[in-house]
Amino acid sequence: MSNFSDIGFDINTEEEFQDLLEKTYHESTLIRVQEGAYAVYADESGAELWIQLNNQQECIGANPHYKGKSRRKVCLTATVERPENPLDGGFYAWAAPSEKQNPQSGLYPFVFDVPDFRIPEPFSFPADVEIQLTAFAQDVQRYENEAAFDAAQTKEPKFSVQSFIPSGLFSSSEEDKPATPEAFGFFTGVIKQVEARQNTLTQQIFYVLLVDTLGGEIDVVADAGFFEKAPVVNEIIQVECWLSGQVINPAL
């Protein structure tokens, strides 16, 4: 299971990846930017593939995204550049700020990657915006209700039903700090909506969950292999994930 299989692109080899890029490129929309171009494949299921091209029209990468229903207010504080790839990047943000242009009035800081990083006009920081945020599941735990969740917490630290840890901002030791933060998170929340989606291109099934957690809603996409039986509304879910988001309203 991978970020790609979370939206129905189950690829296991380099050859399968190249085949996927070729198929989707010919059905994509090309968006040119100064650093190259994005070829965007938008599947009917909501799954997206953002193929990255340099100015020599060579493929230099590809990122998955899912255009979901979640909306949350954040305060952006800086860009996160990925020097190895000029079309990659993300933002530092604070979740749910209570005061305008005061990021530290928010609940917690985190980083999310952006598939269209070079398309929007540059922001003047701090910037209060509305975003759509997708969590690509890397590990999932489910609990029937709050009592079952509480009973399962036998070790420290114990988490509340709605909690969020920006794990991409932490390192394993103080001496081993990452040069660039990663867009990873670990959160607990309540499932508000469940949909089984079928990727039109591959016919593979994946799940889309709208989850209410600390700081707002998150769209969770997950390979069907994570679940022995379908998720249910009002279950408690704990997710380790990669975060991909887009700015929806740049001027709040």
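Along the sequence shown, residues are numbered consecutively beginning with 1. Remember, it's a predicted structure, so these values are computed and weren't measured experimentally.
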Given the options Thr202, Asp223, Asn12, Asp10, Ser5 meets side-chain hydrogen bond (donor to acceptor under 3.5 Å, both in side chains) only with Asp223

Only one of Glu48, Gln132, Arg197 passes side-chain hydrogen bond (donor to acceptor under 3.5 Å, both in side chains) with Tyr66, and that residue is Arg197

Let me see the working for Trp94 and Leu107 under side chain to side chain contact (heavy atoms under 4.5 Å, CB included), right down to the final yes or no.
-> CA-CA 7 Å; Trp94 279 77; Leu107 296 174; over 6 Å; no

Checking the side chain of [X] only, and the main-chain atoms of [Y] only, is there a donor and an acceptor separated by less than 3.5 Å?
X      : Y      : value
Asn102 : Cys75  : no
Asp128 : Gln101 : yes
Asp43  : Gly46  : no
Tyr41  : His26  : no

Carboxylate-amine/guanidinium contact Arg118 Glu81, below 4.0 Å = yes

Considering only NZ, NE, NH1 and NH2 on the basic side and carboxylate oxygens on the acidic side, decide whether Lys67 and Asp219 come within less than 4.0 Å.
-> no

Min side-chain heavy-atom separation [X]-[Y] under 4.5 Å:
X      : Y      : value
Thr213 : Ser163 : no
Val74  : Val129 : yes
Tyr143 : Gln238 : yes
Ile165 : Phe187 : no

same_hphob_cluster(Phe4, Phe136) at 4.5 Å side-chain heavy-atom cutoff | yes

Nearest heavy atoms of Ser98 and Ser105, plus distance in Å | N-OG, 3.1 Å

Does the salt bridge (charged side-chain N to carboxylate O under 4.0 Å, His left out) test come out yes or no for Arg72 and Glu217, once each step is laid out?
-> CA-CA 6 Å; Arg72 56 161 53 199; Glu217 298 175 339; over 6 Å; no

Between Trp242 and Asp113, a side-chain donor and acceptor under 3.5 Å | yes

According to the interplanar angle, ranging from 0 to 90°, do the rings of Phe91 and Phe112 count as parallel (below 30°), tilted (30 to 60°) or perpendicular (above 60°)?
-> tilted

Would you indicate whether Gln203, at its atom CD, is surrounded by more than 12 heavy atoms from other residues, nucleotides or ligands within a distance under 6.0 Å?
-> yes

